[in-house]
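When reading the values below, keep in mind they use all heavy atoms of this one structure, side chains included, and skip hydrogens, waters and symmetry mates.
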Amino acid sequence: QLEGYRVRILDMRLEDYRTQAIGNPVFVGLTCMSGQQIRYGLEFAKKVRAENPSCPIVWGGVHPTLLPEQTVASDFVDVVVRGEGELVVPELANKLVAGDPLDNIKGLTFKREGSIKSTADADLIDLDEIPVELPYDLLILEKYNALQSGRFHIQTSRGCPHRCGFCYNTDFNKRKWRGKSAQRVLKEIEFILHKFPHVKIIDPIDDNFFVDKQRVKDICQGIISRDIKIKWRANCRLDYLSTYDQDFVSLLEKAGCIELDFGGESGSERLQEFICKDVTAEQMLQSVSNLRKWAPSIEPYVSWLSGLPNETYADMLKTFELMDKMKEANPLTQHYGIFIYTPFPSPMLESLGPEFRPPKSLEDWGHIEVFHFQPPWHSKAYLKKLGAISAVSRYMFYPQARIDEHGLGFRVGYSIMNRMARYRWRHRYFGFPVELNLANDLVRRLRGFL
């Protein structure tokens, strides 16, 4: 909270930043992940510099936290807030207003007199102390399709204790996990349903909702005992679910769980070891089977990776086979798609080999394309096939609930592409992807990538 300050939020997905007047704020803050968000953030930062050269530009979020020195080296960055900003930002604002040095504020990396300085890491906050009543009025709520369709995102925990090599959590959260108490989560859900009575689905965006099994059990029992009329979904790990008993799995369904999301990543044991996923094919099959037996209305949603170093088409065939087996074990299994690996800051960067050199500047990281990265360790022919596979998997398995959140034009177009994708998948035929290329180009143009 920023007591005494007037805060404005600009969501660049919804508003044209070029029409916004900068004015004379205490500072302008930008938050971003790696990739295109950096590019768009830099565009806005350049506008700030041009209109108000003395205004401090503060960056935060995942990418600046992982690479703070490299980020602050940009001409369009003055300060980086590392990690959680709730406790740091109010103190930063007070210091900037007073004109005081920033040395005593934890969690900062900043430029001073031509050199880069970093303070100690900020203290972790108590998640239960975050106000339940957040200033939702700062957002243009009517422009969020998910909310308008009755889906509301919350965060009940932060971090994850596992060691997946491609994940930001290893460095960002130091493989630590913290959760709001069950009572705090229930209070937040009740508040949201009171404020937004049209909401039908609560969608926790936690990296790993199920780390504390007892907490999940308490939340479920609270939903039932308080007669909270809500459906919900959450992220889980397949190795977790493979060990859960009937009572716990059935409790999830009784409490309104309709969807569990997983990272399957690969059907190849060799590649699973490479990415340090620590999940086996047997656990994946056991997990979806457990849902079918004990919670038949809960849909498992699984996402997959391709394009990893040393990957072969034989590895991909193992993934296809496992995906089909999971669908056989539980017909409700939905696959989000097979996504080409994009090398973001993570432990895996050190294992990618000499073909890939990580960007050396914030600006260069802005040119890493999410979903459209072309791994330099694979041939052009293989990458072309991977692109077709990725597109086919998305058009074939795109969740119906997500389709319904879009307009009629999208639904009609998807229906046509879905039929073509099903034929390709059945025959493992990914050559001459004319319709896929046309559809992908259209989507990219609509999103401003071309």
Side-chain angles (χ1 to χ4, degrees), residues 2 5-86 88-90 92-93 95-97 102 107-112 116 134-145 153 168 172 342 344-345 359-373 443-450:
L2 282 171
Y5 296 96
R6 186 163 57 92
V7 177
R8 182 183 178 193
I9 296 177
L10 172 65
D11 188 336
M12 292 176 64
R13 298 171 299 174
L14 306 179
E15 298 182 80
D16 186 347
Y17 76 91
R18 293 167 295 188
T19 66
Q20 308 299 315
I22 301 303
N24 190 33
V26 174
F27 70 83
V28 168
L30 297 104
T31 182
C32 69
M33 294 183 287
S34 307
Q36 292 96 327
Q37 289 185 9
I38 293 175
R39 189 160 73 242
Y40 301 139
L42 283 168
E43 289 180 10
F44 188 71
K46 291 174 183 178
K47 174 182 171 66
V48 174
R49 274 285 189 265
E51 296 187 16
N52 189 341
S54 63
C55 177
I57 302 177
V58 180
W59 288 62
V62 175
H63 185 94
T65 296
L66 297 179
L67 297 173
E69 290 84 6
Q70 187 185 92
T71 298
V72 84
S74 169
D75 292 337
F76 301 98
V77 183
D78 298 311
V79 180
V80 166
V81 174
R82 306 191 314 272
E84 297 175 334
E86 286 93 341
V88 178
V89 168
L92 172 61
K95 293 289 187 182
L96 290 174
V97 168
L102 306 181
L108 294 185
T109 298
F110 55 93
K111 284 183 287 209
R112 186 175 63 191
I116 295 176
L134 296 173
Y136 296 110
D137 57 297
L138 294 177
L139 302 172
I140 309 175
L141 297 177
E142 65 272 14
K143 289 192 176 183
Y144 292 93
N145 291 333
H153 297 86
Y168 80 105
F172 190 93
T342 302
F344 294 140
K360 300 298 183 182
S361 69
L362 180 66
E363 287 75 9
D364 287 345
W365 276 109
H367 294 287
I368 295 288
E369 293 253 5
V370 183
F371 303 133
H372 299 284
F373 180 74
V443 170
R444 297 183 74 195
R445 288 182 186 279
L446 292 174
R447 293 180 176 176
F449 294 160
L450 290 178

* Can you list every pair that meets salt bridge (charged side-chain N to carboxylate O under 4.0 Å, His left out) and has a residue in residues 50-59, with sequence neighbours left out? -> Lys47-Glu51
* Do side-chain atoms of Trp59 reach the backbone of Phe76 as a donor and acceptor pair under 3.5 angstrom? -> yes
* Can you find a heavy atom in the side chain of Leu108 that is under 4.5 Å from one in the side chain of Val80? -> no
* To do: First locate atom NZ of Lys360, then atom CD of Gln70, and finally report the distance between them rounded to the nearest 0.5 Å.
  => 7.5 Å
* **Minimum heavy-atom distance between Met12 and Tyr40, given as atom pair plus value** => CE-O, 3.3 Å
* How far apart are the closest heavy atoms of Cys32 and Ile38, and which atoms are they? -> SG-CG1, 3.8 Å
* Asked: What distance separates Ile9 CD1 from Asp137 CG, expressed to the nearest 0.5 Å?
  -> 9.0 Å
* Asked: Should Val72 and Val79 be marked as a side-chain contact (heavy atoms from CB on, under 4.5 Å) after you check the CA-CA gap, both sets of side-chain angles, and the distance that decides it?
  -> CA-CA 6 Å; Val72 84; Val79 180; 5.7 Å; no
* To do: Quick one: do Leu92 and Val81 satisfy side-chain contact (heavy atoms from CB on, under 4.5 Å)? Show the steps, please.
  => CA-CA 9 Å; Leu92 172 61; Val81 174; 4.2 Å; yes
* Spacing of Met33 atom CE and Gln36 atom CD [to the nearest 0.5 Å] -> 10.0 Å
* Asked: Mind checking whether Ile116 and Phe110 have side chains closer than 4.5 Å, heavy atoms only?
  -> no
* Say whether, by atom type as modelled, one donor and one acceptor occur between the side chain of Lys111 and the main chain of Val77 under 3.5 angstrom. => yes
* Asked: Hey, does Ser74 have a side-chain heavy atom less than 4.5 Å from the side chain of Ser361?
  -> no
* To do: Measure across Leu14 and Lys143 and return the closest heavy-atom pair with its distance rounded to 0.1 Å.
  => O-NZ, 3.5 Å
* Asked: Under 4.5 Å between any side-chain heavy atoms of Ile140 and Asp11, yes or no?
  -> no
* Are the side chains of Tyr144 and Arg13 in touch, meaning some heavy atoms are under 4.5 Å apart? -> yes
* If you look at every heavy atom in Leu66 and Pro345, which pair is closest and at what distance? -> CD1-O, 3.5 Å
* **Under 3.5 Å: donor-acceptor pair, side chain of Thr65, backbone of Gly83** => yes
* Asked: CG/Leu42 to CD/Gln37 distance, rounded to the nearest 0.5 angstrom?
  -> 12.0 Å
* To do: Kindly indicate whether the side chain of Val370, heavy atoms from C-beta on, has any atom under 4.5 Å from the side chain of Ser34.
  => no
* Asked: If we only count heavy atoms from C-beta on, is the Trp365 to Glu363 side-chain gap below 4.5 Å?
  -> no
* Taking atom NZ of Lys95 and atom CZ of Phe27, what is their separation to the nearest 0.5 Å? -> 15.0 Å
* **Shortest non-hydrogen contact between Leu138 and Val7, atoms and distance** => CD2-O, 3.4 Å
* Going by heavy atoms in the side chains, are Val89 and Tyr5 under 4.5 Å from each other? -> no
* To do: Please report the shortest heavy-atom distance between Val26 and Pro56, naming the atom on each side.
  => O-CD, 3.4 Å
* To the nearest 0.5 Å, how far apart are CG in Leu102 and CG in Leu96? -> 6.0 Å
* Stepwise side-chain contact (heavy atoms from CB on, under 4.5 Å) check, Phe344 with Thr342 -> CA-CA 6 Å; Phe344 294 140; Thr342 302; 3.4 Å; yes
* **Whether Thr19 side chain and Asp16 backbone form a donor-acceptor pair below 3.5 Å** => yes
* Residue pairs, two or more places apart or on separate chains, that pass salt bridge (charged side-chain N to carboxylate O under 4.0 Å, His left out) and touch residues 54-78 -> Arg49-Asp78
